[in-house]
Amino acid sequence: MSSHTPQLFSIVPGSSAPIYRQLVDQVRRLVVGGQLAPGDALPSVREVALQLAVNPMTVSKAYGLLELEGVLERRRGVGMLVASGQRSASDAGERLALLRPTLERAAREARELELDPGTVLSLFKDILKESP
């Protein structure tokens, strides 16, 4: 039923962020980045739970929060869709806000490893230049 690749979502089990929050953040990034467009169907709660080996209630909680925020809408007989009011953000501030938690985690790790900020920034610049 779903046309999405099995790799639509991924979780980081050891992360301080709860799994449902990781899923919420990923959906937001996919919508803002344009990888998920208005009207696109998301995999079912059951599909995602099986794929990630997590409790279906966790996936349901993430989808429910995204529905409350207006990012997703429930369509009878179809499931969860990206809400029609969503658009990929050309607003750099919104995209940066989505990146900030990842950069905060990286900065925390760099401090824990007692790395020089200049060296870390240089590495990050190199990584940004690499092809995906």
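We count residues from 1, following the sequence as given.
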Return the set of residues passing side-chain hydrogen bond (donor to acceptor under 3.5 Å, both in side chains) with Asp25 (not counting sequence neighbours), or none when no residue passes. Arg28
Residues passing the side-chain hydrogen bond (donor to acceptor under 3.5 Å, both in side chains) test with Glu73, sequence neighbours excluded, are Arg75
Does any pair with a residue in residues 107-116 pass side chain to side chain donor-acceptor pair (under 3.5 Å), and if so which ones, sequence neighbours excluded? Asp116-Thr119
Residues forming a salt bridge (charged side-chain N to carboxylate O under 4.0 Å, His left out) with Glu104, sequence neighbours excluded: Arg100
Taking the side chain as C-beta and beyond, is there a heavy-atom pair between Ser44 and Met80 under 4.5 Å? no
The side chain to side chain contact (heavy atoms under 4.5 Å, CB included) partners of Ser15 (sequence neighbours excluded) come to Val12, Ala17, Gln22
CG-CG distance between Leu52 and Leu23, expressed to the nearest 0.5 angstrom: 6.0 Å
CG of Leu42 to CG of Leu81: how many Å apart, nearest 0.5 Å? 8.0 Å
Provide the full list of salt bridge (Lys or Arg N to Asp or Glu O under 4.0 Å) pairs with a residue in residues 49-61, sequence neighbours left out, each pair given once. none
Can you sort out the partners of Glu67 under salt bridge (charged side-chain N to carboxylate O under 4.0 Å, His left out), two or more places apart, ordered by chain and number? Arg74
Among residues at least two apart in sequence or on other chains, which ones pass salt bridge (charged side-chain N to carboxylate O under 4.0 Å, His left out) with Arg29? none
Do Val82 and Val71 have side chains that get closer than 4.5 Å, going by heavy atoms? no
May I ask you to test the Phe9-Pro43 pair for a side-chain heavy-atom distance under 4.5 Å? yes
Taking all heavy atoms of Pro38 and all of Ala83, pick out the closest pair and write down the distance. CB-O, 3.6 Å
Distance check, rounded to the nearest 0.5 Å: Leu72 atom CG versus Asp40 atom CG? 11.0 Å
Just so I know, are the side chains of Leu8 and Leu30 near enough to count as touching, which here means a heavy-atom distance under 4.5 Å? yes
Give the other cluster members for Leu115, using side-chain heavy-atom distances under 4.5 Å between Ile, Leu, Val, Met, Phe, Trp and Tyr residues; answer none if it is isolated. Leu113, Val120
Can you find a pair of side-chain heavy atoms, one from Val24 and one from Tyr63, that are under 4.5 Å apart? no
Who clusters with Leu50? Use side-chain heavy atoms, under 4.5 angstrom, across I, L, V, M, F, W and Y, and order the result by chain and number. none
